[in-house]
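Working notes for the structure below.
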Amino acid sequence: MTLGTVAEPPPGVLAAFGLTGPVRPLAGGRGRSFRAGDAVVKPVDSAEEAEWSARVFADLPPAAGFRVPRPLRSRDGTYVVEGWTAAEFLEGREGPAGMWESLIAAGRAFHRELRHLPRPDLLDRRDDPWAAADRIAWGEAAPPRPSNADELLARLGELAGPVAAPSQLVHGDLTGNVLFHPGRPPVVIDFSPYWRPVAYAEAVVVADGLLYHRADPELVEAVLPGREGLHLLARALVFRLATKAVWAGRVPDDELTRFAGVTRLVETGLTETRPPRTP
């Protein structure tokens, strides 16, 4: 699902944010982020969501356990100029391998600061593949077209049992968006807002770890204990798999094999934690 690189920000955008100096591309960020002086500049997919997200980050008080890059206002007071945003550059390296405990702790600290925020209406207007997959994961929509992942998605749907945890505003893509720096709190970047349980955001991290980062299966019990944790993990797997199916229509065979392996892990866990039958 690589979206490719983009041209660097135009001079008018840099001037609007008061930025000078050389512009150079940054690693990550889907190949779309640039450093200009002490700021990171990147294009946005939705100006509405970017303005809203910037206001959320700007209003967050200093908190223990995490940091966020403060968004920059343009000279006319907006956070988006010609489809670009800017924020302060904070040093840090990506995890997540070997940093699971710190990543989860940073996510929990971040989510505690979001508990008071209401659900934004813009979530209902999103129509990107990630939003579509999120609705599929929670039974709010069916896959829009047949794909070779349908059988596995149906199998995961049967494992995605009831969830009692309340929903709130969460970052639904923490895995690659927490940066670490020795001696300083982790940095949470690239807010991907969803209205789901906090533990679901953590389930996405666990799913990513098992699928792509060779995480130890013990991470499941450490982060997502009990049957509800496994139900959330099943939903997270639906989310990731459905995104690929919505995006491309066909999921590569090696990806299906990867997802099938983690699905068996969920099935085994649910079998081992099955409640005893009542006489």
Side-chain angles (χ1 to χ4, degrees), residues 1-2 25-33 35 40 42 53 56-57 60-70 87-115 130 134 165 168-194 196-226 228-230 232-237 239-241 243-244 255 258-259 261-262 265-266 269:
M1 292 189 303
T2 302
L26 289 171
R30 291 153 49 190
R32 292 152 44 102
S33 297
R35 183 170 179 182
V40 175
K42 65 178 184 179
S53 295
V56 170
F57 269 35
L60 284 175
F66 75 97
R67 295 174 290 153
V68 297
R70 296 299 170 180
E88 67 174 327
F89 174 81
L90 294 177
E91 291 281 358
R93 67 173 181 83
E94 290 186 10
M99 305 297 294
W100 300 112
E101 184 176 351
S102 296
L103 194 159
I104 292 296
R108 289 176 179 174
F110 177 73
H111 288 137
R112 281 196 294 272
E113 298 302 317
L114 301 184
R115 285 179 299 185
W130 295 274
D134 171 69
Q168 67 158 73
L169 194 62
V170 298
H171 191 320
D173 192 21
L174 282 168
T175 310
N177 290 312
V178 177
L179 308 180
F180 301 93
H181 191 281
R184 304 203 66 184
V187 179
V188 178
I189 62 172
D190 289 349
F191 190 22
S192 295
Y194 295 87
R196 299 301 180 196
V198 168
Y200 173 68
E202 296 172 3
V204 175
V205 172
V206 173
D208 290 344
L210 296 171
L211 289 167
Y212 304 115
H213 300 283
R214 299 182 180 179
D216 193 300
E218 291 181 358
L219 185 65
V220 178
E221 182 61 27
V223 179
L224 304 168
E228 182 164 297
L230 292 167
L232 287 163
L233 180 55
R235 292 181 190 275
L237 290 167
F239 172 58
R240 287 306 197 206
L241 182 57
T243 300
K244 295 177 180 293
E255 283 282 281
R258 205 189 306 260
F259 275 90
V262 183
L265 183 67
V266 176

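Only this structure's heavy atoms are used, side chains among them; waters, hydrogens and symmetry mates stay out.
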*Take atom CD in Glu88; do more than 12 heavy atoms of anything else shown fall under 6.0 Å from it?*
yes
*Would one find more than 12 heavy atoms of other residues, nucleotides or ligands at under 6.0 Å from atom CZ of Arg70?*
yes
_Test side chain to side chain contact (heavy atoms under 4.5 Å, CB included) on Val178 and Met99; report intermediate values, then the result._
CA-CA 10 Å; Val178 177; Met99 305 297 294; over 6 Å; no
Got a donor-acceptor contact below 3.5 angstrom from the [X] side chain to the [Y] backbone?
{"X": "His111", "Y": "Ala199", "answer": "no"}
{"X": "Arg67", "Y": "Pro185", "answer": "yes"}
{"X": "His171", "Y": "Ile189", "answer": "yes"}

Approximate separation, where rounding is to 0.5 Å, of [X] [atom1] and [Y] [atom2]:
{"X": "Leu265", "Y": "Leu210", "atom1": "CG", "atom2": "CG", "result": "6.0 Å"}
{"X": "Phe239", "Y": "Leu232", "atom1": "CZ", "atom2": "CG", "result": "13.5 Å"}
{"X": "Phe89", "Y": "Leu26", "atom1": "CZ", "atom2": "CG", "result": "6.0 Å"}

Are any non-hydrogen side-chain atoms of [X] and [Y] less than 4.5 angstrom apart?
{"X": "Trp100", "Y": "Val206", "answer": "no"}
{"X": "Leu179", "Y": "Glu94", "answer": "yes"}
{"X": "Ile104", "Y": "Arg108", "answer": "yes"}

If you take all heavy atoms of [X] and [Y], which pair is closest and at what distance?
{"X": "Gly172", "Y": "Val204", "value": "O-CG1, 3.7 Å"}
{"X": "Glu113", "Y": "Pro61", "value": "OE1-CG, 3.7 Å"}
{"X": "Gln168", "Y": "Leu114", "value": "NE2-CB, 4.0 Å"}
{"X": "Pro96", "Y": "Leu103", "value": "CB-CD1, 3.5 Å"}
{"X": "Gly107", "Y": "Leu174", "value": "CA-CD1, 3.9 Å"}
{"X": "Arg240", "Y": "Asp173", "value": "NH2-OD1, 2.8 Å"}

*Would you please classify the geometry between the Phe191 ring and the Phe57 ring as parallel, tilted or perpendicular, with 30° and 60° separating the classes?*
parallel
_So that I can tick it off, tell me whether Asp134 and Arg235 are bridged by a salt bridge, with the cut-off set at under 4.0 angstrom between side-chain N and carboxylate O._
no
_Phe180: ring pair (Phe, Tyr, Trp, His ring centres under 6.0 Å) partners, not counting sequence neighbours_ = none
*Identify, with sequence neighbours excluded, every residue that meets ring pair (Phe, Tyr, Trp, His ring centres under 6.0 Å) alongside Tyr200.*
Trp138
*asked:* Go through it in stages, so that I can follow the logic: the residues are Val220 and Val266, the test is side chain to side chain contact (heavy atoms under 4.5 Å, CB included), and I'd like the CA-CA distance, side-chain angles, deciding distance and then a yes or no.
replied: CA-CA 9 Å; Val220 178; Val266 176; over 6 Å; no
*Sort out for me which residue in Leu233, Leu219, Val205 forms a side chain to side chain contact (heavy atoms under 4.5 Å, CB included) with Leu224.*
Leu233
